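Below is one structure, written out as structure tokens; comments come after it.
Positions are given from 1 along the sequence. Note that the structure is predicted; figures quoted are calculated from it, not measured.
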Amino acid sequence: MAIAAFSAGVFEETGRVVGLGVLRKGKTSWMDAVAFGLGHGGIEAVWIGVIGVLPNVLNEDSSISVAVLLSGAERFCAMAFHILLTLVIMEGIRRHKKLFYWLIAVVLHGLYDFSIAFQNTILIWGVLIFGVVAAMIALIFTKRKWKEERGTRQ
């Protein structure tokens, strides 16, 4: 489980560095980071939804409403966490310390994904909610800090 969790972090965070640092070069505002995080999380949400919920719909499972509700809540939390990780990578790009911030994002991503290995509902939901709170705090501080930096450069 640890190998799977941390390898997901390596691949996804490397994709973020390439996507933000190469393909979106020069677009380093907080809004660009949020949009990128939502896009990444949204694509993953659709993919997870199709794999996790669609079979229940096709089988006319009576517990579909609970599955959809839980899947939706989990994906909301995961999308917020994707925004947080994108903000971390974007900070590395802005500070020209991509490797250091990439490593932070990989570790955070690996720990986040690894929480499921414990199969403890309270722990898993605690980690998911922590991700949402951390993303909101990071977004508030990052938005303020990046706007101030942009204002002092002009």
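- Considering all non-hydrogen atoms of both residues, Leu123 and Ser115 come closest at CD2-O, 4.1 Å.
- Side-chain contact between Cys77 and Tyr112 is present, with at least one heavy-atom pair separated by less than 4.5 Å.
- In this structure, the separation between CD1 on Ile3 and CZ on Phe114 is 10.5 Å, given to the nearest 0.5 Å.
- The hydrophobic cluster containing Ile89 also contains Leu99, counting ILVMFWY residues as joined when their side-chain heavy atoms lie under 4.5 angstrom apart, directly or transitively.
- By the rule that hydrophobic residues join a cluster once side-chain heavy atoms approach within less than 4.5 Å of another member, Val132 and Ile140 end up as members of separate clusters.
- With a 4.5 Å cut-off on side-chain heavy atoms, Lys143 and Met31 do not count as touching.
- In the displayed structure, Ile116 atom CD1 is contacted under 6.0 Å by at most 12 heavy atoms of other residues, nucleotides or ligands.
- Two residues are said to be in side-chain contact when any heavy atoms from C-beta on lie closer than 4.5 Å; Ile83 and Leu87 meet this criterion.
- A distance of 13.5 Å separates OG1 of Thr86 from CH2 of Trp30, quoted to the nearest 0.5 Å.
- Looking only at side-chain heavy atoms (C-beta outward), Phe100 and Ile104 come within less than 4.5 Å of each other.
- Residues Met1 and Gln119 are not in side-chain contact: their nearest non-hydrogen atoms beyond the backbone lie 4.5 Å or more apart.
- One hydrophobic cluster holds both Leu70 and Leu128 under the rule that ILVMFWY side chains link at heavy-atom gaps under 4.5 Å.
- Two residues are said to be in side-chain contact when any heavy atoms from C-beta on lie closer than 4.5 Å; Val34 and Leu38 meet this criterion.
- Residues Leu84 and Ala138 share a closest heavy-atom pair of CD1-CB, 3.5 Å.
- By the rule that hydrophobic residues join a cluster once side-chain heavy atoms approach within less than 4.5 Å of another member, Leu108 and Phe118 end up as members of one cluster.
- Taking hydrophobic clusters as Ile, Leu, Val, Met, Phe, Trp and Tyr residues chained together by side-chain heavy-atom distances below 4.5 Å, Leu20 shares a cluster with Val10.
- The shortest side-chain heavy-atom distance between Met79 and His40 does not fall under the 4.5 Å cut-off.
- Of the possible donor and acceptor atoms, none in the side chain of Thr142 sits under 3.5 Å from a partner among the backbone N and O of Leu139.
- Listed by first and then second residue, the salt bridge (Lys or Arg N to Asp or Glu O under 4.0 Å) pairs that reach into residues 95-104 are Glu91-Arg95, sequence neighbours excluded.
- When all heavy atoms of Arg16 and Phe36 are compared, the pair lying nearest together is CG-CE2, 3.6 Å.
- A search for ring pair (Phe, Tyr, Trp, His ring centres under 6.0 Å) contacts involving Phe6 returns nothing, not counting sequence neighbours.
- The minimum heavy-atom distance between Ala8 and Asp113, with the atom names listed, is CB-OD2, 3.7 Å.
- The two residues Ala80 and Ala135 come nearest to each other via the heavy atoms O-CB, 3.1 Å.
- Partners of Glu74 under the salt bridge (charged side-chain N to carboxylate O under 4.0 Å, His left out) rule, at least two apart in sequence or in another chain, do not exist in this structure.
- Using a 4.5 Å heavy-atom cutoff, the side chains of Glu44 and Arg75 are in contact.
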